[in-house]
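Here is the naming used below: chain letters follow the sequence lines, and residue numbers restart at 1 for every chain.
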Amino acid sequence: MAENTPEEKNESKKSNFIREIIDEDLKTSKWEGRVHTRFPPEPNGYLHIGHAKSIMLNYGIARDYNGKFNLRFDDTNPEKEEQEYVDSIIADVKWLGAEYEDRLFFASDYFQQMYDYAVDLIKKGAAYVCDLKADEIREYRGTLTAPGKESPYRNRTIEENLDLFERMKKGEFDNGEKVLRAKIDMASPNLNLRDPIMYRIVHAEHHRTGNVWCIYPTYDWAHGIEDSIEGITHSICTLEFENHRPLYDWYLDQLGAYHPQQIEFARLNLNYTVMSKRKLLQLVQEGKVDGWDDPRMPTISGLRRRGYTPEAIRNFAEIIGVAKRDAMTDIALLEYAVREDLNKHTLRAMAVLKPLKIVITDFPDGYEEEIEAVNNPEDPSAGTRKLIFGNELYIEEADFMENPPKGFHRLVPGGEVRLRYGYIIKCEEVIKDESGNVVELRCTHDPDSRSGTGTSKKKVKGTIHWVNAKLAVRVEARLYDRLFMVEDPATEENWLEHLNPDSLVIVSNALVEPSLADAKSGMNYQFERTGYFCLDSKNSKPGALVFNRTVTLKDSWAKSIKN
RNA sequence: UGCCGGGUCGUCUAAUGGCAGGACAGCGGCCUUUGGAGCCGUAUGUGGAGGUUCGAGUCCUCCCCCGGCAGCCA
């Protein structure tokens, strides 16, 4: 493979304000030429597409600057964290292709160091044990416009603080009885600096450290230390931590510890879905969806089950860029990213979602003819396959209309249409049941129109897909749509009331061409003219296949009739 | 109404005092045995008012709007 010229590299990799900061740091040797980033999830839920943005941002930077990328679990709250989440997060990060090599870390591995650092602060007179109850602490903190007041315990002696803190660690006190606080400034306009809590007492079993600890560091105390210990150069995080940066700076300066640079960016918001872990958890717990990996969920595992590829998600992360302004990204960008990837790489197949039988009357009963179909017009190396044409077929119900609107290019009574890779047929007769529903079409074919022979001079406007009635395989198809009916459900009072009742439509009698009976899990397919599909990893079984629709194909006809 | 941050096409994102550009979405067309894909074209934007400057999205002043912060969550 040829090396990219610098210009090509710049073109293929969009820059952003964070990369500019790094470029500048490299120029000034601020970190002796090092670039070291990390992704620091809390294992209290599954990762979503917003995390993917952060992962690709951090990993992409490390990769492009020849730096390092760590995966570190921020597991400082035993009450919310679980091993299941750790496992899922590791799987998702790997699936996305973010390589952390041997750098898998846990904040809980640093608990002793954090404790020692806290003792240092106490010895410097910069931290104290406070007996105020939670609501009292809140009260003493003041408000956004009024300064707080100092805790009556603020001026305990160093010896007393040391003793009390050690006894907190030993388990002599109950939850909430005491906390360790930094002694900073109760009148600071930045509320984070009003004697923030460093340690709280939590008698709970931690998924990794078990019952070794009953005091746990708060995020604010722990996070900067974690980055410091790992030698992170650029601590990239989301906007809401901007106000915390002065606190991290204060801690690290007090400790005289290595001091990374924090840079904040705007988190991803996608319309027609929710992105907070709390809300996603609620959807799972209230059974609104089929688990964290429900294909309608914006989780990495949900997108994977839906049929999204890592490449599609990486494309998406690239397309949306990185900035500091709040943004609401249109889900159309995500769909564009996945179509772009799937179009190039999926095998095509014919599948009829809502079958309508047609009989070609001028072929003998039991007629069979082998015809060739290309597997992927975007990729000749994907080759071709054989299809068996017959006198009894099924076409898509939507491809026939008795009273078509102007511009309808498909089958109509007395009209002609091409059957993909087969013949041009003409609809001679429409057969209906007692209630007037069309149940079968009787057609004739043009023998000179066999696909690929070039013998037909005839031009028809429409080409429709079909399956052989005798050979088609019956499958279940699950058609997904946006989870919510409103653009920004999170801002609605009763956000759960805006779930889209049609976000999942199950089609239990779809018919697919025989080759799809061997569909492989993890493979993506394009059902010609209808969309991209993949086997459902949870519910599909041999002999009872279940296909998930990843995304529809663009449909300019559907769009034009809607207007 | 305290502190911090932010406002560029409908959406996302560039332009680092010098032609406001790209992508998606839209619209129009070409092409097509997928109404797919591809190709071509097109409309749309600097929150407002002043100021500095030969020249301002960019610098200054004032205003407006949006977001975050009062967990022993992260």
request  = Kindly point out which of B/G36, B/C72, B/A70 is positioned nearest to the side chain of A/L553?
outcome  =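 Nucleotide nearest to A/L553's side chain: B/G36.
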ask   = Side chain of A/S556: nearest nucleotide among B/C27, B/C72, B/G36?
value = B/G36
request  = Using a strict 4.0 Å threshold on nitrogen-to-oxygen distance, state whether A/K178 and A/E172 make a salt bridge.
outcome  = no
Short side-chain N/O contact to B/A25 OP1/OP2 from A/K559, under 4.0 Å =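 So the side-chain polar atoms of A/K559 never come under 4.0 Å of the phosphate oxygens OP1 or OP2 of B/A25.
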ask   = Contact class for A/I561 vs. all strands (heavy atom < 4.0 Å): base, sugar-phosphate, or nothing?
value =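 If one applies the 4.0 Å heavy-atom cut-off, A/I561 turns out to touch nothing in the nucleic acid.
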Residue A/K133 excluded, over 12 heavy atoms near NZ under 6.0 Å = yes
task = Give A/Y199 one of three labels, base, sugar-phosphate or nothing, depending on what nucleic acid heavy atoms sit under 4.0 Å from its own.
result =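 Since no nucleic acid heavy atom lies under 4.0 Å of A/Y199, the category is nothing.
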ask   = Between B/A25, B/A70, B/C4, which nucleotide gets closest to the side-chain atoms of A/K554?
value = B/A25
ask   = Has the side chain of A/R529 got a donor or acceptor that lies under 3.5 Å from a partner of the other kind on the base of B/U34?
value =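 In this structure, the two groups form no donor-acceptor pair.
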request  = Nearest-nucleotide wise, let me know which of A/T143 and A/R348 is further upstream toward the 5' end of RNA chain B.
outcome  = A/R348
query = Are A/F241 and A/Y219 near enough that their ring centres are under 6.0 Å apart?
reply =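 Between A/Y219 and A/F241, which both carry aromatic rings, the centre distance is below 6.0 Å.
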B/C12: pairing nucleotide in any strand, Watson-Crick or G-U under 3.5 angstrom =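 Matched B/C12 with B/G22 under the 3.5 Å cut-off.
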query = What's the closest nucleotide to the A/P189 side chain, out of B/U33, B/C72, B/G2?
reply = B/G2
task = Indicate, with a heavy-atom threshold strictly under 4.0 Å, whether A/R420 touches base, sugar-phosphate, or nothing.
result =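 Counting heavy atoms under 4.0 Å across all strands, the contact made by A/R420 includes a base.
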task = Could you tell me if the ring centre of A/Y423 sits under 6.0 Å from that of A/F389?
result = yes
query = For RNA chain B, whose closest nucleotide is more 5', that of A/G407 or that of A/V202?
reply =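 Between the two, 5'-proximity favours A/G407.
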ask   = Which nucleotide sits closest to the side chain of A/T463: B/A74, B/G26, B/U33?
value =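 The nucleotide sitting nearest to the side chain is B/U33.
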note = Under a 4.0 Å heavy-atom criterion, the protein footprint on nucleotides 7-12 of chain B, written with B, S and -, is SB--SS
ask   = Does A/K324 NZ have over 12 foreign heavy atoms under 6.0 Å away?
value = yes
query = Does A/Y219 put a side-chain nitrogen or oxygen below 4.0 Å from OP1 or OP2 of B/A74?
reply = no
